[in-house]
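Below, read A as the first sequence line, B as the second, and so on, with proteins coming before strands; counting in each chain starts at 1. Computation of the quantities below employed the complete heavy-atom set of this structure, encompassing side-chain atoms and omitting hydrogens, waters and symmetry-equivalent molecules.
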Amino acid sequence: MKIATYNVNGINGRLEILLRWLKEDAPDVVCLQELKTDDARFPRKEIERAGYGAIWHGQRSWNGVAILAKGKTPILTRRGLPGDPDDTHSRYVEAAVDGILIGCLYLPNGNPFPGAKFDYKLRWFRRLQEYAAELLELDVPSILAGDFNVMPTEIDVYKPERWLDDALFRPEVRKAYAHLVAQGWTDAVRHLHPGEHIYTFWKYWRNSFERDAGLRIDHFLLSPAVAPLLRSATVRRKPRSWAHTSDHAPVMIELDFSAAGADL
DNA sequence: ATGCCATTGAAACAATGA
């Protein structure tokens with residue numbers, strides 16, 4: 001089973017890019033972020049025509065998350081992260097697919113630091129920690145995937161010294177991510193590729209992608225029941241090289257349900 | 001050092017992103 005996460009940076013503006021990549025990599029499940037569309041303008045028909053069922057949590061202009069599943073419709077389990085009824089951003093959607101709970105998230109950027117946006121990021125992170133702890137307590141096979149807007153460690157940034165005061169790399173934010181992982185989650189990419197410089201985002205300007213001046217900010221966190229099934233975790237760099245593409249690349253993991261002891 | 005690029009939505013610019 002191939003599961004991917006992809007910050008598309010506008011699902012309608014980059015629909016051709018998304019469909020082309022779906023055809024090339026044929027993921028079974030996809031978590032999308034930054035739809036930048038309201039619910040009514042989600043391109044359901046085009047996605048269905050590509051063979052995918054979908055659930056989504058949209059918002060006009062900004063944010064927006066969705067989960068796609070090949071040949072089936074994900075079973076919606078949650079729209080919005082619990083813990084703050086006044087939060088109007090569409091940044092979390094969750095569904096069950098083939099017995100696994102998939103949480104698709106778009107964590108706030110938080111810049112500039114210091115400021116209200118940074119404070120919102122830390123509050124959102126705290127809510128995520130609380131909810132993630134609940135998932136582990138429920139002992140449901142779970143995956144939290146998406147754009148976390150955090151470089152977890154120095155090797156996740158091309159030039160860490162330049163990012164020290166950025167909201168994606170501030171100590172508070174790295175600590176929040178580490179605290180989340182320490183609950184018992186496995187960072188899939190880092191687990192299979194310790195010590196490697198791996199990036200998932202490159203700015204549009206100054207030939208960042210060509211220079212590989214990137215950041216690793218799109219992550220997969222696997223619950224203890226899912227982690228033993230992990231077979232591969234790779235960044236799909238090719239779509240990032242296409243014209244008019246997102247500034248993020250898809251990240252994809254493969255799970256092997258036939259693994260010994262798998263009982264999902 | 002820096003949104004230097006790019007999108008959306010509204011109104012020929014502002015807000016946002018990382």
Side-chain angles (χ1 to χ4, degrees), chain A residues 5-19 21 31-43 46 56-66 87-92 104-122 124-125 128 145-174 176-177 189 197-219 235 237 239-251:
Chain A
T5 182
Y6 188 19
N7 180 324
V8 282
N9 192 11
I11 194 169
N12 286 316
R14 300 193 209 279
L15 189 55
E16 293 313 310
I17 296 278
L18 174 63
L19 296 176
W21 167 68
C31 296
L32 296 173
Q33 303 86 34
E34 280 208 83
L35 304 179
K36 295 187 176 181
T37 179
D38 54 32
D39 285 337
R41 288 189 179 83
F42 183 86
E46 291 85 346
W56 58 92
H57 185 25
Q59 184 171 348
R60 198 172 78 163
S61 304
W62 302 302
N63 309 318
V65 283
D87 185 0
T88 57
H89 295 200
S90 298
R91 297 183 176 275
Y92 187 85
C104 171
L105 65 99
Y106 175 46
L107 213 132
N109 174 308
N111 275 308
F113 168 84
K117 290 186 175 179
F118 188 74
D119 297 341
Y120 171 63
K121 179 177 196 167
L122 292 184
W124 208 93
F125 227 135
L128 180 61
D147 178 357
F148 285 68
N149 269 317
V150 186
M151 297 84 90
T153 68
E154 294 205 338
I155 63 168
D156 300 309
V157 199
Y158 67 103
K159 277 207 166 106
E161 66 275 12
R162 287 194 191 172
W163 290 82
L164 292 174
D165 264 337
D166 190 278
L168 281 70
F169 200 51
R170 283 285 305 172
E172 303 92 318
V173 175
R174 273 186 273 170
Y177 184 84
V189 169
H197 291 265
I198 298 172
Y199 307 131
T200 66
F201 166 91
W202 301 260
K203 294 180 183 187
Y204 284 120
W205 30 283
R206 286 196 167 174
N207 291 314
S208 298
F209 185 61
E210 291 74 9
R211 295 185 296 118
D212 201 25
L215 313 173
R216 188 174 77 95
I217 56 178
D218 300 275
H219 307 300
V235 178
R237 295 172 65 106
R240 182 59 182 81
S241 72
W242 296 340
H244 310 297
T245 195
S246 168
D247 37 10
H248 295 249
V251 183

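Under a 3.5 Å cut-off, the side chain of His248(A) and the backbone N or O of Phe201(A) do not form any donor-acceptor pair. In this structure, Tyr204(A) contributes its side chain and Asp247(A) its backbone to a donor-acceptor pair below 3.5 Å. Asn12(A) places no side-chain N or O within 3.5 Å of a backbone atom of Thr37(A) that could act as its donor or acceptor partner. No donor-acceptor pair under 3.5 Å is formed between the side chain of Arg162(A) and the backbone N or O of Val157(A).
Within the nucleic acid shown, Asp38(A) has no heavy atom closer than 4.0 Å to any nucleic acid atom. No engagement by Phe209(A) is indicated, since no non-hydrogen atom pair under 4.0 Å with the nucleic acid exists. Counting non-hydrogen atoms under 4.0 angstrom, Arg162(A) reaches nothing in the nucleic acid. Across all strands, Asp147(A) comes closer than 4.0 Å only to sugar-phosphate atoms, never to a base (heavy-atom distances).
Side-chain atoms of Arg14(A) lie closest to dA6(B) of the nucleotides dA6(B), dG3(B), dT8(B). When distances are taken from the side chain of Lys117(A) to each of dA6(B), dT16(B), dA10(B), the shortest belongs to dT16(B). Looking at the side chain of Arg91(A), the nearest of the listed nucleotides dT8(B), dC4(B), dG17(B) is dG17(B).
On the P atoms, dA15(B) is 15 Å away from dC4(B), given to the nearest whole Å. dA1(B) and dA14(B): their C1' atoms are spaced 23 Å apart (whole Å). The C1' atoms of dA12(B) and dT8(B) are separated by 14 Å, rounded to the nearest whole Å. Across dG3(B) and dT16(B), the matching C1' atoms stand 10 Å from one another, rounded to whole Å. Rounded to the nearest Å, the gap between the P atom of dA6(B) and that of dA10(B) is 23 Å.
Taking the six-membered ring where tryptophan is involved, the planes of Tyr177(A) and His219(A) are tilted, since the angle between them lies from 30° to 60°.
Rounded to an integer number of Å, the gap from CG of Leu168(A) to C1' of dG17(B) is 10 Å. In this structure, NZ of Lys203(A) is placed 18 Å from P of dT16(B), rounded to the nearest angstrom. Counting to the nearest Å, the P atom of dA6(B) and the CD atom of Glu34(A) are 15 Å from each other. Going from atom NZ of Lys121(A) over to atom C1' of dG17(B) covers 12 Å, rounded to whole Å. The CG atom of Leu35(A) sits 11 Å away from the P atom of dT8(B) (whole-angstrom rounding). Taking atom CG of Asn111(A) as the reference point, atom C1' of dT2(B) lies 13 Å away to the nearest angstrom. Rounded to whole angstrom, the span from the CD atom of Gln59(A) across to the P atom of dA15(B) amounts to 17 Å. Distance, Trp62(A) CH2 to dT7(B) P: 17 Å, rounded to whole Å.
Two residues, Thr37(A) and Asn7(A), neighbour DNA chain B, and the one matched to the more 5' nucleotide by heavy-atom proximity is Thr37(A). Toward the 5' end of DNA chain B, the nearer of the two residues Gly13(A) and Gly110(A), judged by each one's closest nucleotide, is Gly13(A).
Under the 90° criterion around 0 for the glycosidic angle, dA11(B) counts as anti.
Between dA10(B) and Arg60(A), a contact under 4.0 Å exists linking OP1 or OP2 to a side-chain N or O.
Between the side chain of Arg206(A) and the base of dT2(B), at least one donor-acceptor pair of N or O atoms lies under 3.5 Å.
Considering all non-hydrogen atoms of both residues, Pro239(A) and Trp21(A) come closest at CG-CD1, 3.5 Å.
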